[in-house]
Amino acid sequence: MGKKRKQSEAEIAADVKKEEIAPERPKRTLLGFKTNPENKRENETPGFRNKEKVLVTCSRRISYRYRHLMLNLVDLLPHCKKDNKVEAKESKGTALNELVELKSCSSCLFFECRKGKDLYLWMAKCPNGPSVKFLVNAVHTMEELKLTGNHLKGSRPILTFSSKFDEKPHWTLLKEMITQIFGIPKDHRKSKPYHDHVFVFSIADDHIWFRNYQISCPYNGSQKLDRGDLEKMTLIEVGPRFCLNPIKVFGGSFGGPTLYENPFYVSPNQIRSLEKRKMAGKYAKKVKAKTRRKMHELENPLEVDEFADMWKE
C-alpha cells in the first residue's frame with residue numbers, strides 16, 4: 001500500500017480558514033430550513049411600521065342612538081377593538097387603562113352617557129396621555145340619515161382638516177390626536193390597500209364637525225382612468241354626522257394636569273336649569289297677576305247698590 005502524503009503547514013492553515021469562514025447550516029424544521037434572525041435583520045432595511053390600535057367602548061345605560069353611533073365608528077375603523085361596557089365612575093380611568101393594556105392597544109375612544117341624554121367622548125392616548133373630553137352634539141347615525149353614499153368596508157380614509165387647526169396650539173394637539181386615532185395604519189390586515197372615502201374635520205363656532213364622504217369617479221370600463229374622469233370626481237356623503245365640543249385637555253390618560261379648558265363651555269345641566277327657570281317664570285308671573293288683582297279689588301271696593309236686595313223678599 002502507498003503511504004499517505006503528509007500535508008504541509010500551508011495546506012493545514014488554508015483548511016482551518018475555510019472552516020472558520022464557512023457559514024453555519026440553518027436548522028431544519030418541518031416547514032423547511034430556518035434562517036438566522038440576526039442575518040435577516042442585517043439584510044433588511046430599517047423602517048417604521050404603524051402599529052396603532054384603538055379600543056372603542058362605552059359606559060353602561062347608554063341610549064340606543066349613541067350606541068348606534070359607536071357601532072358606526074367601529075365599522076369605519078378596522079384597526080379598532082370593541083370591548084364590553086365599563087361603569088362610568090371616578091375610577092374609570094384606571095379600569096380603562098388596564099383594558100387598553102390587556103387589548104394591546106395604544107389609544108382609546110370611550111363614550112360616556114349621563115342621565116340617558118348627554119353623551120361625552122373621551123379620546124385618550126394610553127398610558128401616558130394626553131386625553132381630551134368632548135361633549136357630543138348633533139348626532140345623526142347612518143340608519144337615520146339613509147344617504148346615497150356607499151364605500152367599501154375597511155378601506156383607508158383620507159383625513160382632511162380645516163386651516164383653523166393650525167391657528168392655536170390646542171387645535172394643533174387635537175389634530176395630531178385625531179390623525180393618530182382615525183388614520184388607519186398602512187398594510188393593516190383588516191384594511192383595504194386603497195382610498196375611497198374622506199374624513200372631513202372642520203372647525204365652526206369652536207366646535208369640531210365630522211363628515212364622511214365617498215369618492216365617486218365615473219368609470220368607462222378601461223383599466224386606467226382618464227384625466228377627464230378624474231376631473232369629474234365628486235364626493236357623496238355617507239355618514240354618520242356628529243359635532244364635538246371640547247371641554248378639557250388633560251396631560252395624562254383620563255386625567256392629570258389640565259392643559260386647556262374651554263372658557264365658552266356651558267354644561268347641558270345648566271342649560272336645562274335655565275330653561276326650567278324660564279318656564280317657572282311664566283307661572284310666577286301668573287301668580288303675581290292674580291295677587292295684584294285681588295289687592296286692587298280690596299283697595300277699590302264697589303259701592304253698595306240700593307236695589308241689590310229688592311227681589312230677595
Side-chain angles (χ1 to χ4, degrees), residues 49-58 65-82 105-109 111 119 121 123 132 134 136-166 171 174-204 207-244:
R49 185 178 178 185
N50 188 2
K51 296 183 179 180
E52 182 77 24
K53 294 179 185 176
V54 184
L55 177 70
V56 180
T57 183
C58 64
R65 291 184 69 250
Y66 298 151
R67 187 175 68 252
H68 288 175
L69 175 66
M70 183 189 70
L71 295 177
N72 291 156
L73 287 180
V74 169
D75 293 337
L76 293 176
L77 305 176
H79 65 297
C80 75
K81 292 185 178 181
K82 187 175 174 294
C105 297
S106 56
S107 305
C108 182
L109 290 176
F111 292 85
L119 180 64
L121 173 62
M123 191 182 295
V132 192
F134 296 100
V136 186
N137 294 320
V139 175
H140 299 281
T141 61
M142 289 185 183
E143 292 80 6
E144 293 175 353
L145 294 173
K146 296 180 181 179
L147 297 169
T148 57
N150 186 20
H151 59 79
L152 289 176
K153 185 177 181 180
S155 58
R156 299 181 66 207
I158 299 172
L159 302 181
T160 61
F161 297 89
S162 62
S163 59
K164 291 185 179 180
F165 276 96
D166 300 326
W171 292 125
L174 293 179
K175 177 182 177 181
E176 183 62 29
M177 290 186 66
I178 292 170
T179 304
Q180 293 185 18
I181 292 175
F182 285 86
I184 298 173
K186 187 180 178 182
D187 299 330
H188 191 270
R189 61 187 182 87
K190 290 185 179 180
S191 66
K192 307 294 189 299
Y194 48 81
H195 304 274
D196 69 341
H197 63 289
V198 183
F199 286 167
V200 180
F201 296 92
S202 56
I203 296 175
H207 291 61
I208 300 175
W209 299 81
F210 173 82
R211 294 291 184 270
N212 180 23
Y213 296 97
Q214 176 200 355
I215 302 172
S216 177
C217 185
Y219 185 60
N220 55 10
S222 60
Q223 292 183 356
K224 293 184 178 180
L225 295 175
D226 298 332
R227 187 177 294 275
D229 294 340
L230 294 176
E231 291 176 355
K232 297 176 184 177
M233 188 180 297
T234 57
L235 296 177
I236 305 173
E237 189 173 356
V238 183
R241 296 177 181 176
F242 57 88
C243 173
L244 300 176

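The figures here come from the full heavy-atom set of this structure, side chains too, leaving out hydrogens, waters and symmetry mates.
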Engineer: I'd like to check the side chain to side chain donor-acceptor pair (under 3.5 Å) partners of Ser191; sequence neighbours left out, ordered by chain and number.
Structural biologist: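 If we apply the side chain to side chain donor-acceptor pair (under 3.5 Å) test to Ser191, skipping adjacent residues, there are no hits.
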
Engineer: Does any non-hydrogen side-chain atom of Leu174 lie less than 4.5 Å from one of Val132?
Structural biologist: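 Yes - at least one pair of side-chain heavy atoms lies under 4.5 Å apart.
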
Engineer: Only counting residues at least two apart or in another chain, list the ones meeting side chain to side chain donor-acceptor pair (under 3.5 Å) with Asn50.
Structural biologist: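 Expected list: none.
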
Engineer: Pick out which of His197, Gln214, Lys192 makes a side-chain hydrogen bond (donor to acceptor under 3.5 Å, both in side chains) with Ser155.
Structural biologist: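 In the set His197, Gln214, Lys192, the residue that makes a side-chain hydrogen bond (donor to acceptor under 3.5 Å, both in side chains) with Ser155 is His197.
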
Engineer: Counting C-beta onward and ignoring hydrogens, is there a side-chain heavy-atom pair between Tyr66 and Val136 closer than 4.5 Å?
Structural biologist: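 Not in contact.
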
Engineer: Taking side chain as C-beta onward, heavy atoms only, is Pro78 less than 4.5 Å from Ile184?
Structural biologist: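 They are in side-chain contact.
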
Engineer: Show me the donor-acceptor pairs within less than 3.5 Å that the side chains of residues 144-152 make with the rest of the protein, sequence neighbours left out.
Structural biologist:
residue	atom	partner	partner atom	Å
Glu144	OE1	Arg65	NH2	3.4
Glu144	OE2	Arg65	NE	2.7
Glu144	OE2	Arg65	NH2	3.4
His151	NE2	Asn212	ND2	3.3

Engineer: Side chains of Val54 and Phe182: does their closest heavy-atom pair fall under 4.5 Å?
Structural biologist: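 No, their side chains stay 4.5 Å or more apart.
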
Engineer: What's the spacing between Thr160 OG1 and Arg211 CZ if we round to 0.5 Å?
Structural biologist: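 That separation rounds to 12.0 Å.
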
Engineer: Over all heavy atoms of both residues, which pair between Gly239 and Leu76 is shortest? Give the atoms and the distance, please.
Structural biologist: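 Shortest heavy-atom separation between Gly239 and Leu76 comes out as O-CD1, 4.4 Å.
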
Engineer: Short question: side chain of Trp171, backbone of Lys164 - any donor-acceptor pair under 3.5 Å?
Structural biologist: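 Flag not set: sc Trp171 to bb Lys164 has no pair under 3.5 Å.
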
Engineer: Could you tell me which residues satisfy salt bridge (Lys or Arg N to Asp or Glu O under 4.0 Å) with Lys175, sequence neighbours excluded, listed by chain and number?
Structural biologist: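 Lys175 satisfies salt bridge (Lys or Arg N to Asp or Glu O under 4.0 Å) with Asp166 only.
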
Engineer: What's the separation between atom SG in Cys108 and atom NZ in Lys81, rounded to the nearest 0.5 Å?
Structural biologist: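 If we round to the nearest 0.5 Å, Cys108:SG and Lys81:NZ are 13.0 Å apart.
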
Engineer: State, to 0.1 Å, how close Lys53 and Cys105 come at their nearest heavy-atom pair, and which atoms those are.
Structural biologist: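 Heavy atoms of Lys53 and Cys105 come nearest at O-CB, 3.4 Å.
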
Engineer: Measure the CG-CD1 distance between Asp196 and Ile158 for me, rounded to the nearest 0.5 Å.
Structural biologist: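 Atom-to-atom, Asp196:CG and Ile158:CD1 are 9.0 Å apart.
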
Engineer: Between Lys190 and His79 (side chain of the first, backbone of the second, donor and acceptor by atom type, cut-off under 3.5 Å), is there such a pair?
Structural biologist: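 Flag not set: sc Lys190 to bb His79 has no pair under 3.5 Å.
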
Engineer: Kindly compute the distance separating CG (Leu244) from CD1 (Ile203), expressed to the nearest 0.5 Å.
Structural biologist: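 It is 11.0 Å, given to the nearest 0.5 Å.
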
Engineer: Under the side-chain contact (heavy atoms from CB on, under 4.5 Å) rule, what do Arg156 and His188 come out as? Steps first, then yes or no, please.
Structural biologist: CA-CA 10 Å; Arg156 299 181 66 207; His188 191 270; over 6 Å; no

Engineer: To the nearest 0.5 Å, what is the distance between CZ on Phe165 and CD1 on Ile178?
Structural biologist: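 The distance works out to 5.0 Å.
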
Engineer: Verify side-chain contact (heavy atoms from CB on, under 4.5 Å) between Phe111 and Val56, making sure each step is shown before the conclusion.
Structural biologist: CA-CA 8 Å; Phe111 292 85; Val56 180; 4.1 Å; yes

Engineer: Between Met70 and Cys58, which heavy-atom pair has the shortest distance, and what is it?
Structural biologist: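 Smallest heavy-atom distance, with atoms named: SD-CB, 3.6 Å.
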
Engineer: If you round to the nearest 0.5 Å, how far is CD1 of Ile181 from CD of Glu176?
Structural biologist: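 Interatomic distance, Glu176 CD to Ile181 CD1, rounded to 0.5 Å: 10.5 Å.
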
Engineer: Could you tell me whether the side chain of Asn72 and the main chain of Met142 form a donor-acceptor pair under 3.5 Å?
Structural biologist: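 The answer is yes, because a donor-acceptor pair under 3.5 Å joins these two groups.
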
Engineer: Applying side chain to side chain donor-acceptor pair (under 3.5 Å), can you list everything that pairs with Glu52, at least two apart in sequence or on another chain?
Structural biologist: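 With sequence neighbours excluded, Glu52 shows a side chain to side chain donor-acceptor pair (under 3.5 Å) to Ser106, Ser107, Lys125, given in chain and number order.
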
Engineer: Checking Phe210 now: which residues fulfil ring pair (Phe, Tyr, Trp, His ring centres under 6.0 Å) with it, not counting sequence neighbours?
Structural biologist: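 Once residues adjacent in sequence are excluded, the partners of Phe210 under the ring pair (Phe, Tyr, Trp, His ring centres under 6.0 Å) criterion are Phe199, Phe201, Phe242.
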
Engineer: Do Leu55 and Leu109 make a side-chain contact, defined as non-hydrogen atoms from C-beta onward lying under 4.5 Å apart?
Structural biologist: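 Sidechains of Leu109 and Leu55: no contact.
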
